[in-house]
Visitor: 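So that we are looking at the same thing, I have put the structure below in structure tokens.
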Number of protein chains: 2
Amino acid sequence: MTRVLVIDDEPQIVRALVINLKARHYEVDAAHDGATALQLAAARHPDVVVLDLGLPDMDGVEVIRGLRGWTRVPILVLSARHSSDEKVEALDAGADDYVTKPFGMDELLARLRAAVRRAEPVPGGEDEVVVDTAEFTVDLAAKKVHRGGRDVRLTPTEWHLLEVLVRNTGRLVSQKQLLQEVWGPSYGTETNYLRVYMAQLRRKLEADPAHPRHFITEPGMGYRFEK
Amino acid sequence: MTRVLVIDDEPQIVRALVINLKARHYEVDAAHDGATALQLAAARHPDVVVLDLGLPDMDGVEVIRGLRGWTRVPILVLSARHSSDEKVEALDAGADDYVTKPFGMDELLARLRAAVRRAEPVPGGEDEVVVDTAEFTVDLAAKKVHRGGRDVRLTPTEWHLLEVLVRNTGRLVSQKQLLQEVWGPSYGTETNYLRVYMAQLRRKLEADPAHPRHFITEPGMGYRFEK
DNA sequence: GTCGTCCTTGACGGAACCCTGACGGCCGCT
DNA sequence: AGCGGCCGTCAGGGTTCCGTCAAGGACGAC
């Protein structure tokens, strides 16, 4: 869940923001002054910060600098001032966006979504992409298989088959499902394809291809990959 | 130098932006319609895009979508409309910021700086700028390749291809991805380009171009750069 | 205009890959 | 024991894919 830190000293604005954000399933923290805000940011590590520049205890720009000293979290600035200078100062201090009050809630939320979106890591990121077994290693992102100190070359079909099996580690995958995922939706009965390519995978990856430990046959049903 | 792509059909706005940007040492490209813009973006790979939503040939939001299909370049939207709906639509389509006309040049430039700044990779981050192999050295920052005591001359396309491969060292890069990153999003099947340019890179960088050790072909899938 | 660089495009030989059929082994059933 | 179903193995042939070369065109520099 996305965590938002709201920093504003006007209770009604904080309330409006909190209600709207919570309704959209954000997790919200709120602070009414700069000192509390910096403390909360350090403690809670929000995914995005909404900051009103007019705070009782310190200049809003100082809050920006305080955050930027250690984090690149997106900062969305709110302010009643329309003055260009103030906008420039806040943006150059490290703010990501600047919205003048009064603001439309829809717009603010859209800008918040934009800020969060571009901060998130590139898609296809760090979800588990490396699978280890006793004998070999499969890197799904790099499309690489390592075994006994060297890379193993797989053909496109071999790789595709391996990928489907590994993504379903421990689960039985039916022959029909394998055929459709690798060869296309119009296939489903050509089990001889599977026999041939499973044999290739075993020959390239199993220590003893005749007695596979990782690529298990479930007679009449399908195949299963075990670590 | 930071490269900016300005997309607007009003000549006076384009002129004002170009003058101001050039004075601040930005490199500027300009387009006055969406089709040209998408083409230019693909060809020039700007670091930031300034986009007016009111274009003669297509909806501005379509331009945003066209760009977001293949790049995460920051997009700063200009518009005469103050309507909240339009802002929300543009931001959710993938825009990074939204400025209503008339706008202050100072503010626009500050927002542009903010957009460019946060797109920058983490300073001192873990991505290496210099990649060494046994036979040559690639300096991604300086855009230079050193081999056997001298610089190697690469054409723009050769360099671009090398860059994509090196940034994905060890990972397989599909032919489609290479074509789209180097030649633009409308390419994807012209694998003969890849064959020609991969041969050039090998001829210039491999010790034995006929038996490449660094630029590995994975038949049917793509290419891989290995140190 | 002329030259040189770079990109595109087509053609061809060779390599890699995929499909296919045949054969034998294992197992359960009759 | 005999049989049929299912699976593993192997090798050949057609097809796709890749590396290489060369020619033509676009573009900018001089």
Side-chain angles (χ1 to χ4, degrees), chain A residues 143 145 151-162 165 172-176 178-179 181-184 186-224, chain B residues 29 39-40 42-45 143 145 151-163 165 172-176 178-184 186-225:
Chain A
K143 285 208 191 330
V145 180
D151 288 342
V152 182
R153 297 202 74 142
L154 295 184
T155 72
T157 308
E158 288 164 10
W159 173 261
H160 206 152
L161 183 60
L162 174 64
L165 288 169
L172 170 70
V173 189
S174 73
Q175 327 190 71
K176 186 169 184 180
L178 284 171
L179 283 165
E181 288 233 32
V182 177
W183 279 268
S186 63
Y187 292 75
T189 58
E190 295 81 349
T191 56
N192 48 326
Y193 293 8
L194 288 178
R195 292 207 296 277
V196 172
Y197 279 92
M198 202 61 64
Q200 313 239 44
L201 279 182
R202 283 168 178 158
R203 182 146 29 87
K204 290 186 178 181
L205 299 178
E206 291 275 3
D208 179 5
H211 303 94
R213 294 184 47 216
H214 301 105
F215 299 95
I216 316 290
T217 303
E218 301 281 0
M221 308 182 60
Y223 294 86
R224 189 155 40 91
Chain B
D29 295 316
Q39 214 172 333
L40 257 177
R44 304 272 292 161
H45 288 268
K143 289 198 191 300
V145 182
D151 284 345
V152 182
R153 271 187 60 92
L154 294 184
T155 72
T157 307
E158 287 164 10
W159 171 260
H160 206 151
L161 182 59
L162 175 64
E163 192 176 8
L165 287 168
L172 173 75
V173 189
S174 74
Q175 340 191 64
K176 187 170 183 180
L178 283 171
L179 283 165
Q180 295 199 338
E181 290 234 28
V182 177
W183 279 268
S186 64
Y187 293 76
T189 57
E190 295 79 349
T191 56
N192 47 327
Y193 292 9
L194 287 179
R195 293 206 297 277
V196 171
Y197 277 90
M198 202 61 64
Q200 314 234 49
L201 280 182
R202 283 168 177 157
R203 184 145 16 92
K204 290 186 179 181
L205 299 178
E206 291 275 3
D208 179 5
H211 303 95
R213 294 185 47 219
H214 304 290
F215 299 95
I216 315 290
T217 302
E218 299 282 1
M221 305 203 286
Y223 294 86
R224 182 199 309 277
F225 172 77

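Proteins get letters first, then strands, A, B, ... in listed order; numbering begins at 1 in each.
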Visitor: Compare side-chain N and O positions of B:T155 against OP1 and OP2 of C:dC7 and report whether any pair is under 4.0 Å apart.
Guide: yes

Visitor: Would you tell me if any nitrogen or oxygen in the side chain of A:R202 comes within less than 4.0 Å of OP1 or OP2 on D:dG8?
Guide: yes

Visitor: If you assign each of B:P219 and B:L154 to its closest nucleotide in DNA chain C, which residue comes earlier from the 5' end?
Guide: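 Looking at DNA chain C, the more 5' nearest nucleotide goes with B:L154.
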
Visitor: Under 4.0 Å, heavy atoms only, any strand: does B:R153 hit a base, just the sugar-phosphate, or nothing?
Guide: sugar-phosphate

Visitor: Tell me whether the side-chain N/O atoms of B:T157 come closer than 4.0 Å to OP1 or OP2 in C:dC6.
Guide: no

Visitor: Ignoring backbone atoms, test whether B:Y197 places a side-chain nitrogen or oxygen under 4.0 Å from the OP1 or OP2 oxygen of C:dC6.
Guide: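 For C:dC6, neither OP1 nor OP2 has a side-chain N or O of B:Y197 closer than 4.0 Å.
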
Visitor: So what does B:Q175 touch, heavy atoms closer than 4.0 Å: a base, only the sugar-phosphate, or nothing?
Guide: sugar-phosphate

Visitor: Would you kindly say whether A:R195 and A:T217 are connected by a side-chain donor-acceptor distance under 3.5 Å?
Guide: no

Visitor: Using the ring centroid of each side chain, check whether B:F225 and B:F215 are separated by less than 6.0 Å.
Guide: yes

Visitor: NA contact type, A:Y223, heavy-atom cut-off 4.0 Å: base, sugar-phosphate, or nothing?
Guide: sugar-phosphate

Visitor: Does B:W183 make a side-chain N or O approach to OP1 or OP2 of C:dT8 shorter than 4.0 Å?
Guide: yes

Visitor: Indicate the ring-plane relationship of B:H160 and B:H45, choosing parallel, tilted or perpendicular according to the 30° and 60° boundaries.
Guide: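 Rings of B:H160 and B:H45: perpendicular, as their planes differ by over 60°.
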
Visitor: Among D:dG8, D:dC18, D:dT20, which nucleotide sits nearest the side chain of A:T217?
Guide: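 Nearest to the side-chain atoms of A:T217, counting from C-beta on, is D:dG8.
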
Visitor: Between A:W159 and A:Y197, is the ring centroid distance below 6.0 Å?
Guide: no

